[in-house]
Amino acid sequence: METSQPTKVTVQAVIQAPIEQVWRCWTEPEHITKWNQASEDWHSPRAENDLRVGGKFLTRMEAKDGSMGFDFGGVYDVVNRHEAIGYAMEDGRRVDIAFVDQGNETKVIETFDAESSNPVEFQQAGWQAIMDNFKAYTEQN
């Protein structure tokens, strides 16, 4: 029996901030709750992050009107400070993030396994919107 490999999707941004600031905003819960949403009508009221190999993270994502919400979480298997983070989501899909130090700016490249219930383009747009929010937040903080 043949099993199909998941579709890999990549989103990225160049943040006008040094790697230390980018890393802090990406990994610290007090920052994660400020940028981790795909649209203005959603928010992340809670985030937990045990940033180490074998550590878990969980971010609560909810519609601001309370109509729906979900927990987004996983377990880290790669944590290289200021360079890379990798984790498996609770459903087994993979996410890898590279942080490329370019002096006063930092390139962030995130690759994830698409899920099968929504179109890949929809997923890519949502993850890119979150990345764009991260970029805007980090450049202002």
Side-chain angles (χ1 to χ4, degrees), residues 2-141:
E2 191 175 317
T3 59
S4 61
Q5 293 294 320
T7 300
K8 300 275 186 192
V9 181
T10 299
V11 298
Q12 61 185 326
V14 175
I15 298 28
Q16 302 301 312
I19 187 72
E20 295 82 7
Q21 179 179 343
V22 169
W23 186 264
R24 189 171 49 254
C25 288
W26 190 274
T27 61
E28 294 178 3
E30 62 268 24
H31 293 294
I32 295 168
T33 58
K34 304 289 193 296
W35 58 262
N36 195 17
Q37 66 274 338
S39 65
E40 288 296 317
D41 52 341
W42 279 74
H43 68 146
S44 292
R46 186 176 79 253
E48 302 167 13
N49 195 19
D50 183 9
L51 187 64
R52 62 182 175 82
V53 172
K56 296 180 180 181
F57 72 92
L58 179 91
T59 303
R60 178 69 184 168
M61 302 176 89
E62 296 179 351
K64 287 182 180 176
D65 67 6
S67 62
M68 63 175 56
F70 61 93
D71 290 335
F72 180 82
V75 178
Y76 294 112
D77 55 17
V78 175
V79 177
N80 296 325
R81 184 175 166 84
H82 295 171
E83 293 177 9
I85 295 173
Y87 61 86
M89 290 185 259
E90 292 171 340
D91 64 6
R93 291 183 297 132
R94 175 116 202 109
V95 179
D96 290 291
I97 306 123
F99 299 85
V100 182
D101 185 349
Q102 300 178 330
N104 287 330
E105 63 183 29
T106 305
K107 187 173 192 176
V108 180
I109 306 160
E110 185 173 29
T111 302
F112 66 95
D113 292 343
E115 44 91 356
S116 57
S117 58
N118 290 294
V120 170
E121 298 78 17
F122 177 79
Q123 295 173 67
Q124 183 171 24
W127 285 58
Q128 185 66 55
I130 293 170
M131 179 70 77
D132 294 345
N133 283 340
F134 172 74
K135 173 181 168 62
Y137 173 80
T138 303
E139 289 178 351
Q140 295 171 3
N141 290 280

Handout entry: Beyond-backbone contact of Thr59 with Asp71, side-chain heavy atoms, under 4.5 angstrom
Key =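 Result no, sub-4.5 Å side-chain heavy-atom pair not found.
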Handout entry: Minimum side-chain heavy-atom gap Gln140-Thr138 below 4.5 Å
Key =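 Gln140 vs Thr138: side chains apart.
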Quick one: does [X]'s side chain have a donor or acceptor within less than 3.5 Å of a partner on [Y]'s backbone?
X: Gln128; Y: Gln12; answer: yes
X: Thr106; Y: Ala17; answer: yes
X: Ser44; Y: Thr33; answer: no
X: Glu105; Y: Pro18; answer: no
X: Lys64; Y: Glu40; answer: yes
X: Trp35; Y: Met131; answer: no
X: Asn36; Y: Ile32; answer: no
X: Glu110; Y: Asp96; answer: no

Let me confirm one number: the [atom1]-[atom2] distance from [X] to [Y], rounded to the nearest 0.5 Å.
X: Lys34; Y: His31; atom1: NZ; atom2: NE2; value: 8.0 Å
X: Arg46; Y: Met61; atom1: CZ; atom2: CE; value: 12.5 Å
X: Trp127; Y: Phe134; atom1: CH2; atom2: CZ; value: 14.0 Å
X: Asn49; Y: Ile85; atom1: CG; atom2: CD1; value: 7.5 Å
X: Gln37; Y: Ile130; atom1: CD; atom2: CD1; value: 8.0 Å
X: Arg60; Y: Phe72; atom1: CZ; atom2: CZ; value: 13.5 Å

If I compare all heavy atoms of [X] with all of [Y], which pair ends up nearest, and what's the gap?
X: Trp23; Y: Asn80; answer: CH2-O, 3.5 Å
X: Val95; Y: Met89; answer: CG2-CE, 3.5 Å
X: Ala47; Y: Pro29; answer: O-CB, 3.3 Å
X: Trp42; Y: Glu62; answer: CE3-C, 3.1 Å
X: Val9; Y: Ala114; answer: CG2-CB, 3.9 Å

Exercise for the section: Can you label the angle between the Tyr76 ring and the Phe57 ring as parallel, tilted or perpendicular, going by 30° and 60°? Expected result: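 Tilted: the ring planes of Tyr76 and Phe57 meet at 30° to 60°.
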Problem - CA sep, side-chain torsions, deciding dist, call: Val108, Val22, side-chain contact (heavy atoms from CB on, under 4.5 Å) - result: CA-CA 9 Å; Val108 180; Val22 169; 3.8 Å; yes
Flag yes if more than 12 heavy atoms outside [X] fall under 6.0 Å of its [atom1] atom; otherwise flag no.
X: Asp91; atom1: CG; answer: yes
X: Phe122; atom1: CZ; answer: no
X: Glu30; atom1: CD; answer: yes

Problem - Test: Lys56 and Asp50 ion pair at under 4.0 Å - result: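 No, Lys56 and Asp50 are not salt-bridged.
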Handout entry: Short N-O contact, Glu139 and Lys135, less than 4.0 angstrom
Key =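 Looking at Lys135 together with Glu139, the answer is yes, because their closest N to O distance falls below 4.0 Å.
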Problem - Between Thr111 and Thr10, a side-chain donor and acceptor under 3.5 Å - result: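 Result is yes, a qualifying pair exists.
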Practice task
State yes or no: are the ring centers of His82 and Phe99 separated by less than 6.0 Å?
Solution key: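 For His82 and Phe99, the ring centres are not under 6.0 Å apart.
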Practice task
Using the salt bridge (Lys or Arg N to Asp or Glu O under 4.0 Å) rule, collect all pairs that involve residues 76-86, keeping only residues at least two apart or in two chains.
Solution key: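 Passing the test, one end in residues 76-86: Asp77-Arg94.
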